[in-house]
Colleague: 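To start, I am sharing the structure in question, which I have written as structure tokens.
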Amino acid sequence: MFIYQNYKEIIEELSNDVTLVAVSKTKPVADIMEAYEAGHRIFGENKVQEMVNKHEALPTDIQWHMIGHLQRNKVKYMAHFVSLIHGVDKMSTLIEIDKQAKKHDRIIDCLLQARIAKEETKFGMEFEEIERILFSDELKELGNVRIRGLMGMATFTDDESQIASEFSTLQELYQEMRSKGSDLDVLSMGMSGDYKIALRHGSNMIRVGSALFGERNYIANP
Ligand SMILES: *Cc1c(COP(=O)(O)O)cnc(C)c1O
């Protein structure tokens with residue numbers, strides 16, 4: 001019941017052009033069904049095996065997003081169904097996604113993860129690398145991946161101005177890439193603790209776990 005109420009509260013605040021990814025990692029299938037019955041269809045997981053298991057157990061109209069750091073050798077297990085891969089941070093990963101997508105005759109949507117946090121632990125590419133990939137001939141040859149946008153995670157801090165400034169640098173990169181002709185339409189930023197800040201900086205996709213499903217009982221760091 002609390003999931004339903006949390007869901008309604010979050011959804012009510014969002015404008016129509018913002019997509020909510022309900023981050024269900026570590027949560028049981030019953031919790032996902034509760035959000036599903038409230039009308040939600042987009043769920044995010046950070047471990048491939050867990051996402052595969054849930055995909056097999058749950059209704060087929062759910063769109064599964066992989067939000068975690070991706071190991072190349074795991075791509076093949078989700079290539080037949082994954083809807084969006086958020087955490088791409090290497091050209092070699094894109095090449096593998098393309099190869100696996102081809103086997104299933106699909107085009108897999110991806111986001112490039114940018115490093116915006118000051119913390120050493122956060123993954124992601126430098127901005128120059130993102131620009132290089134977006135306009136590379138190498139990318140044009142990958143017919144079965146489509147880069148839809150950018151993803152970033154802010155530093156885990158109470159300092160809202162720091163979070164805002166990190167989101168704002170990614171918003172600028174996103175706008176700059178679009179103005180240079182890259183065909184991006186997704187800016188994935190914001191989690192339970194900082195999505196309101198992210199929305200003020202142009203995010204149109206938020207990834208919310210604990211504010212929806214309740215706290216997880218482990219420290220999340222994919
Ligand atoms: C776990 C996770 C989230 C959701 O975190 P909450 O703080 O529970 O909302 C969002 N994005 C990524 C990449 C995650 O790993």
Side-chain angles (χ1 to χ4, degrees), residues 2-3 5-11 13-14 18-28 31-32 34-35 38 40 42-52 54 62-71 74-75 78 82-90 93 97 109-125 130 148-160 162-164 166-167 170-171 174 186-222:
F2 73 95
I3 294 173
Q5 274 157 6
N6 291 345
Y7 178 66
K8 292 291 165 198
E9 279 169 29
I10 295 167
I11 280 288
E13 301 174 297
L14 301 180
V18 176
T19 301
L20 170 67
V21 180
V23 176
S24 49
K25 62 190 186 196
T26 80
K27 297 294 177 183
D31 286 9
I32 299 175
E34 206 172 319
H40 201 63
I42 303 172
F43 294 88
E45 291 284 336
N46 71 336
K47 296 208 164 64
V48 173
Q49 190 57 54
E50 185 174 345
M51 186 172 80
V52 168
K54 288 173 174 172
I62 289 181
Q63 295 165 41
W64 292 101
H65 288 200
M66 174 43 59
I67 62 169
H69 186 249
L70 198 56
Q71 286 166 284
K74 302 268 174 74
V75 172
M78 61 175 180
V82 67
S83 159
L84 180 65
I85 301 178
H86 288 235
V88 177
D89 67 353
K90 275 187 218 74
T93 308
I97 297 169
D109 286 344
C110 298
L111 306 179
L112 297 180
Q113 183 169 356
R115 210 172 89 84
I116 55 173
K118 309 279 177 291
E119 293 161 299
E120 285 299 319
T121 54
K122 296 273 158 81
F123 294 103
M125 291 186 275
I130 289 178
R148 291 286 305 274
L150 306 178
M151 181 271 214
M153 288 171 89
T155 302
F156 186 72
T157 172
D158 290 334
D159 183 351
E160 295 206 355
Q162 184 181 344
I163 295 170
E166 292 175 2
F167 284 149
L170 189 53
Q171 178 184 29
Y174 175 74
V186 177
L187 182 54
S188 167
M189 343 187 263
M191 324 196 336
S192 293
D194 57 19
Y195 75 85
K196 291 179 192 185
I197 305 173
L199 291 173
R200 289 199 290 272
H201 294 279
S203 171
N204 60 17
M205 186 173 281
I206 60 173
R207 309 175 310 271
V208 177
S210 44
L212 179 60
F213 293 109
E215 293 297 329
R216 290 176 298 276
N217 40 21
Y218 79 114
I219 307 297
N221 213 339

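Both ligands and their constituent atoms are indexed starting at 1 by order of listing. Worth knowing before you read on, the calculation uses all heavy atoms, side chains too, and leaves out hydrogens, waters and symmetry mates.
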Colleague: Which of the numbered atoms in ligand 1 are below 4.0 angstrom from a heavy atom of Arg207?
Modeller: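 Near Arg207, meaning under 4.0 Å from one of its heavy atoms, ligand 1 has 4 (C), 9 (O), 10 (C), 11 (N), 12 (C), 13 (C).
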Colleague: Run the side chain to side chain donor-acceptor pair (under 3.5 Å) check on Glu166 and Gln162 step by step: do they pass?
Modeller: CA-CA 6 Å; Glu166 292 175 2; Gln162 184 181 344; 3.0 Å; yes
Colleague: Give, for atom CE of Met205 and atom CE of Met189, the distance between the pair rounded to the nearest 0.5 Å.
Modeller: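 That separation rounds to 12.5 Å.
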Colleague: Counting heavy atoms only, which part of Met153 comes closer than 4.0 Å to ligand 1: side chain, backbone, both or neither?
Modeller: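 The answer is the side chain of Met153.
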Colleague: Which residues pass the salt bridge (Lys or Arg N to Asp or Glu O under 4.0 Å) test with Glu13, not counting sequence neighbours?
Modeller: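 Listed in chain order: Lys196.
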Colleague: Find all atoms of ligand 1 within a distance of less than 4.0 Å from any non-hydrogen atom belonging to Ile67, and give their numbers and elements.
Modeller: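 Atoms satisfying the 4.0 Å criterion: 2 (C), 11 (N), 12 (C), 13 (C), 14 (C), 15 (O).
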Colleague: Would a 4.5 Å heavy-atom cut-off, applied to side chains only, mark Gln49 and Lys74 as touching?
Modeller: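 Side-chain contact under 4.5 Å: no.
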Colleague: Find all atoms of ligand 1 within a distance of less than 4.0 Å from any non-hydrogen atom belonging to Val208, and give their numbers and elements.
Modeller: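 That gives atoms 9 (O) of ligand 1.
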Colleague: Atoms of ligand 1 less than 4.0 Å from Ser192 heavy atoms?
Modeller: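 Taking each heavy atom of Ser192 in turn, ligand 1 has 6 (P), 7 (O), 8 (O), 9 (O) under 4.0 Å.
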Colleague: N/O of Gly209 under 3.5 Å from N/O of ligand 1, yes or no?
Modeller: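 Yes, at least one N or O pair falls under 3.5 Å.
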Colleague: Consider every N or O of Arg216 and every N or O of ligand 1, then say whether any pair is closer than 3.5 Å.
Modeller: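 Yes, since at least one N or O of Arg216 sits under 3.5 Å from an N or O of ligand 1.
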Colleague: Calculate, to the nearest 0.5 Å, the distance between atoms OG and CG belonging to Ser188 and Leu150 respectively.
Modeller: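 So the gap between those two atoms works out to 9.5 Å.
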Colleague: Tell me every residue that passes side chain to side chain contact (heavy atoms under 4.5 Å, CB included) with Ala22, counting only those two or more places apart in sequence or in another chain.
Modeller: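 Partners of Ala22 by the side chain to side chain contact (heavy atoms under 4.5 Å, CB included) criterion, ordered by chain and then number, come out as His40, Phe43, Leu212, Phe213.
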